[in-house]
Amino acid sequence: MNENFDPLLSSVQNDKVKQWASLLDKKNRDRNGQFLIEGVHLVLEALRGNADVKTIVYDSDRGIPAELKLERETNDSAATLGLEWVQASRPVMAKCTGTDTPPPVFAVLSKLTVDHSAIFRKNGLVVVLDAVRDPGNAGTIIRSADAVGADAVILGKGCVDLYNPKTVRSTMGSVFHLPIIEADLKELLPQAKAKGMKLVGTSLQAKHTCYSYDWTQATWLLMGSESEGLSPAVREFMDETVIIPMKGQAESLNVAMAATVLLYESLRQRDFNK
């Protein structure tokens with residue numbers, strides 16, 4: 001368990017280094033079924049969330065970060081017992097993370113396995129994203145969904161790749177806390193309606209505010225793209241629309257802010273309105 005015995009990779013031409021660096025591209029993530037995470041916090045969240053971590057790579061000049069060293073020495077779970085620890089030179093760290101100032105550690109993981117049954121729970125709350133392309137917005141919405149105890153997040157076609165490093169980074173570890181499903185909404189939304197889920201979205205023409213909607217019922221919250229909102233094909237499935245009232249002079253909220261407002265109103269009604 002001593003880091004002095006961990007293999008050292010110093011050349012960016014090493015085949016393993018090239019394979020890790022290739023995971024910065026979506027086509028290679030899809031082909032290999034793996035993705036990268038960066039930084040101490042995300043690696044800890046992955047280990048504690050029982051994700052399938054294959055390899056942890058740390059900067060040889062800085063050594064294993066103290067938090068991870070403690071996890072390695074004290075945690076005998078499957079998450080830490082079977083994985084590979086590697087130390088790497090600063091150029092290798094930079095090549096694999098795509099940054100000039102690389103983090104002290106990154107990890108290689110298998111793509112997450114997902115419990116699809118979570119999306120149809122009685123009185124459940126699911127967030128559905130339709131063509132949300134900005135990784136920061138998608139990651140923030142996943143983080144907000146996690147914060148309020150939503151059952152799942154669904155990424156429809158046209159959304160940013162869940163395993164884009166910027167998306168994963170923006171979730172701040174929430175990617176390991178709740179099911180996140182990539183799906184074709186034209187196939188999934190009819191199933192949701194058939195199972196009694198209310199499909200709700202936002203609209204400037206809505207007759208009700210988000211505060212008058214009953215968020216205690218089984219709800220799928222539909223949020224659309226940053227520039228165009230929900231697509232016409234998705235709007236056809238909506239049962240109800242709501243509007244977020246604004247008192248000041250701001251023209252609008254971005255999709256991540258709007259989703260967070262709606263999710264916290266659902267939390268208020270579900271857990272703090274009794």
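Fair warning: this is a prediction, and the values are worked out from it, not measured in the lab.
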Between T97 and T99, do the side chains contain a donor N or O and an acceptor N or O under 3.5 Å apart? yes
So, T260 and S144: side-chain donor and acceptor under 3.5 Å apart, yes or no? yes
Are any non-hydrogen side-chain atoms of [X] and [Y] less than 4.5 angstrom apart?
X	Y	answer
Q19	Q34	yes
L222	D130	no
N123	T216	no
D6	Y58	yes

Does a side-chain N-to-carboxylate-O contact under 4.0 Å join [X] and [Y]?
X	Y	answer
K16	E84	yes
R133	E226	no
E71	R48	yes
D30	K26	yes
K198	D214	no

Which word best sums up how the rings of F120 and W220 line up, parallel for under 30°, tilted for 30 to 60°, or perpendicular for over 60°? parallel
Using a side-chain heavy atom cutoff under 4.5 Å and only I, L, V, M, F, W and Y, what cluster partners does V160 have? none
